[in-house]
There are 2 protein chains.
Amino acid sequence: MSIVQLKDVEDARKRIQAFAHKTPALTSSTLDGMVSEKLGVEAHLIFKCENFQKVGAFKFRGATNSIKSLLAEYEGTGKKPVVITHSSGNHAQALALAAREQGVICHVIMPNNAPSVKKAAVRGYGGVVTECEPTLQAREDTTAQVTEQLIAQDPNSVVEFISPYNDVRVIAGQGTLALEVLEQAEELGKPLDVLITPVGGGGMLSGCAVAVKGSKPTIRVIGAEPKGADDAYRSFYSKQFVPSVNPTTIADGLLTSLGSNTFPLILEYVDAIHTVSEQDIIRATKLVYERMKIVIEPSAAVPLAVALYSPEFAEWVKSIPARPGLNIGIVFSGGNADIVKLSKSFAQLETTTE
Amino acid sequence: MSIVQLKDVEDARKRIQAFAHKTPALTSSTLDGMVSEKLGVEAHLIFKCENFQKVGAFKFRGATNSIKSLLAEYEGTGKKPVVITHSSGNHAQALALAAREQGVICHVIMPNNAPSVKKAAVRGYGGVVTECEPTLQAREDTTAQVTEQLIAQDPNSVVEFISPYNDVRVIAGQGTLALEVLEQAEELGKPLDVLITPVGGGGMLSGCAVAVKGSKPTIRVIGAEPKGADDAYRSFYSKQFVPSVNPTTIADGLLTSLGSNTFPLILEYVDAIHTVSEQDIIRATKLVYERMKIVIEPSAAVPLAVALYSPEFAEWVKSIPARPGLNIGIVFSGGNADIVKLSKSFAQLETTTE
């Protein structure tokens with residue numbers, strides 16, 4: 001019995017649907033043409049646009065599911081749930097906003113070298129930020145200290161740590177996007193054959209894999225990872241957990257190692273993991289800006305980079321039973337890009353390839 | 001009797017609807033909040049996203065309507081329509097693609113100093129590019145020469161010049177976006193009180209004004225213009241044509257003077273024209289990237305800049321009969337931005353305002 005099941009994802013969907021956006025599923029005939037040429041088969045891409053999600057990322061789904069689950073758990077007990085996390089990325093903002101919407105206090109432990117714009121964003125959504133030294137030890141110590149203080153202040157408090165990816169409620173929440181895109185692809189007349197999501201800590205990949213394999217087992221689920229942070233790739237194929245050590249990639253949402261909950265789910269439900277170079281991630285990001293006219297962060301472009309530029313993926317596609325019109329779901333995980341920084345990578349790309 | 005009427009826009013809509021996208025009308029609660037605060041009234045923005053139109057700009061509407069009208073005019077005569085234009089911007093690409101879709105040859109006269117990426121884009125859509133010296137005289141001489149050659153080659157040809165904005169078929173075509181957004185705003189439960197469009201040559205502003213005033217005369221229509229290219233503003237308030245001389249603005253789609261057809265329509269149907277600074281255009285563009293996660297070109301941000309930052313507009317709003325919830329349509333005219341160049345302006349903005 002897996003620790004997260006289709007039923008959990010379906011329940012999560014009911015919990016979050018009044019709060020999270022049902023993001024659109026977009027298509028692009030230009031990109032269809034490019035991918036078809038690369039793969040040598042007629043292919044259609046269905047882009048699930050979590051860059052249009054609240055706080056600009058899919059993380060809002062898991063955050064809302066966690067908090068709603070927690071409130072249900074303690075309902076009528078007289079206990080007051082408070083959430084705490086450590087993150088300097090989209091999860092911190094997502095948890096802060098989701099908590100505020102549900103009337104829950106949210107504490108976020110952030111390294112003191114995190115960009116001030118990130119701290120301001122968390123505070124803007126109502127999160128209480130505590131800074132710590134940028135080490136793993138300091139982060140865990142500070143989390144423990146803040147938790148103790150909160151309980152000392154109000155013994156009725158239940159302070160719950162919400163992991164950015166390793167929490168089963170978070171995993172189930174992220175999986176809701178897969179249920180949506182399965183339906184949206186059907187409505188577009190393009191039922192999915194493959195779904196590709198980015199993989200960092202594995203919360204989204206595992207949640208989506210559970211959702212897809214639970215509802216349509218014949219659909220393939222693929223993880224997409226930067227070569228500069230390929231711990232999931234190496235873990236998956238060696239079937240041994242490989243930590244992420246000194247990862248280097250522009251896809252800064254994908255730096256983390258897999259979790260103890262996400263890794264087994266990925267081993268059980270995911271069909272393949274493919275990796276791509278930095279240059280291919282930047283090329284894919286730029287294509288989306290130019291051709292689709294939407295803003296995504298580099299982490300979100302990794303699945304498209306796999307579809308367009310990975311020779312291993314092109315080879316792997318041949319193993320799928322052939323039928324006319326291969327329909328590939330691509331998750332655009334978020335849109336919180338630093339345009340000024342990103343455009344420098346675009347400019348370098350122009351210098352090196354033209 | 002105006003030279004373009006609601007009926008012409010309605011006919012244009014029928015002609016183009018199988019070819020042009022019905023672009024989405026988006027909303028943003030964050031931007032609603034910002035505008036409401038600035039205006040001191042509850043306001044809702046409805047964004048008509050022509051950045052998602054074919055070739056990334058509203059120009060595809062007018063181009064398609066011109067070519068379909070031309071084909072209908074010469075049907076059964078044995079004459080073969082060919083179109084020609086001079087443009088180095090979105091109109092050239094739009095006319096090339098619209099022509100190709102209708103099986104018509106399209107010639108584009110472009111200055112030899114136009115960026116090679118623009119020439120490549122026109123050729124990519126099947127347009128035949130002829131280069132000339134970057135002067136008005138050379139442009140007109142070359143247009144005449146190419147026209148003569150085409151007729152000499154095939155006496156059955158009818159070579160028709162399609163102006164980027166001063167052609168009545170183009171004006172009617174651009175007006176179709178107004179008919180769509182009127183309906184979309186109703187469907188969203190936010191019927192428009194005001195529609196703001198950018199103004200350059202005035203094709204879109206005049207076409208939209210005709211459409212709006214013909215169908216819902218109480219809705220106000222506003223032109224939005226950069227202070228650095230304020231010829232339409234000065235022409236409108238002096239009721240005398242003022243040419244655009246050495247305009248300087250990042251909104252490079254709005255450099256042109258009004259035309260002999262667009263100016264009278266604007267005088268007759270438009271309620272006001274408001275202008276904004278370069279800094280405000282860049283701020284508005286950046287906001288759209290960051291908050292809405294969509295790519296627009298600076299020209300497209302001028303209406304939002306007016307709504308957010310023009311004191312004259314805020315003053316003018318007080319003249320509108322008050323009712324709860326002022327609904328403002330904002331036309332995002334196109335998305336063909338040079339991200340690398342644009343991000344330099346974003347970076348400068350950060351230096352000067354933070």
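Lettering of chains follows the sequences in order, A, B, ..., and the numbering in each one begins at 1.
- Per-residue counts of heavy-atom pairs under 4.5 Å with chain A were compared for B:N51, B:L342, B:L26; the largest is that of B:N51.
- With respect to the salt-bridge test (charged N to carboxylate O, under 4.0 angstrom), the residues A:K341 and A:E297 do not qualify.
- Within the 4.5 Å cutoff, no side-chain heavy atoms of A:F52 are placed close to those of A:H21.
- For A:D338, no part sits under 4.5 Å from any heavy atom of chain B, backbone or side chain.
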Query raised in the report: Given the rule in the salt bridge (charged side-chain N to carboxylate O under 4.0 Å, His left out) test, do A:E180 and A:R61 qualify, once you have shown the distances and angles that lead to the verdict?
Result: CA-CA 12 Å; A:E180 289 177 11; A:R61 296 175 182 266; 2.9 Å; yes
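- With chain B as partner, the option from A:K344, A:M292, A:K293 having the largest number of non-hydrogen pairs under 4.5 angstrom is A:K293.
- For the pair A:E131/A:K119, a side-chain contact is recorded, criterion being any heavy-atom separation below 4.5 Å from C-beta on.
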